[in-house]
Amino acid sequence: MSEILLVLLAGVAAGALNAVGGGGTFVALPALVAAGLSPVTANASSTVALVPGTVASAWVYRRDLTPVGDTSTRSLTAVSVIGGLLGAGLLLVLPAVSFDAALPWLLAFATVVLAFGRRVSRAVSDARGHAVGMSPRAVLLGQLLLAVYGGYFGGAVGIMMLAVWSIGLGLDTSAGNPMRVAQIAAIYLSATGLFLFASDALSAPLLLTTMLVGAVAGGVAGAHVARRLPAWLLRSVILATAVTMTVLYFLRG
């Protein structure tokens, strides 16, 4: 029962974090591993479980979507779907030991991006005096790479999206947040389609359902309260969680 409660609370927290600023993977994946799943299975299961919550958040944000430069939303979403599918395929094709070995480093990389991504974005924009001015083709290429990473692991992928859009196009992070959520939903949906048919993500249906229910509740609530809570507080909570989980996984390794 304690494991079920842990997974439920992790689902609520992950759904809320993804709706507000990203970082849900840092909570969802370790909780499923603690409940007894292998890292690869936990990664696939967490993606599947977080899909409904992310889609629910995207629905709440549907009227706030802002185009990413001159790139059409339809093209951006199509690239996210393709990249998410490719990333999920890599997770399933590569040996499980590869993911086990890479996981602490993926967490560390995502944590660094989480901690310094916004500062780097701001510094680059300030140094240039203006945004880089990425072409739609460059935006789509960057989105493809991010989507592959998102389908494979996904930690802090939303933060990376906002950083790329901010540096390359000068898009305000708060204005770009609804589109970030929508694109993460597209990545997770395509990855989930493959995980459901080609992985053992359904091997622990009770854990999966519990996290899914929690993530939907957290996703809806998080999207509604995102504008009311201080951004610095939310980022601090996400970063503290990321640092803690990264350290624990390195110690575990």
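Sequence positions, counted from 1, serve as the residue numbers for this chain.
- The shortest non-hydrogen separation linking A35 to L207 is CB-CD1, 3.9 Å.
- Between the N43 side chain and the L29 main chain, no donor and acceptor come within less than 3.5 Å of each other.
- Nearest heavy atoms, A31 versus M211: CB-CE, 4.3 Å.
- Contact record, D70 with P136: CB-CG, 4.0 Å, taken as the closest heavy-atom pair.
- At distances below 3.5 Å, not a single donor-acceptor pair connects side-chain atoms of T209 with backbone N or O atoms of L206.
- Of the inter-residue distances, the one linking L144 atom CG with L76 atom CG reads 11.0 Å to the nearest 0.5 angstrom.
- Across every non-hydrogen atom of L50 and G15, the tightest pair is CD2-N, 4.4 Å.
- Here the shortest heavy-atom pairing between M161 and I184 reads CE-CG1, 4.0 Å.
- At distances below 3.5 Å, at least one donor-acceptor pair connects side-chain atoms of S45 with backbone N or O atoms of A201.
- The minimum heavy-atom distance linking D200 with T41 is given by the pair OD1-OG1, 3.0 Å.
- When atom types are taken as modelled, the side chain of S57 and the backbone of G219 share a donor-acceptor pair closer than 3.5 angstrom.
- The shortest side-chain heavy-atom distance between V81 and L189 does not fall under the 4.5 Å cut-off.
- Taking CH2 of W165 as the start and OG1 of T66 as the end, the distance is 10.0 Å to the nearest 0.5 Å.
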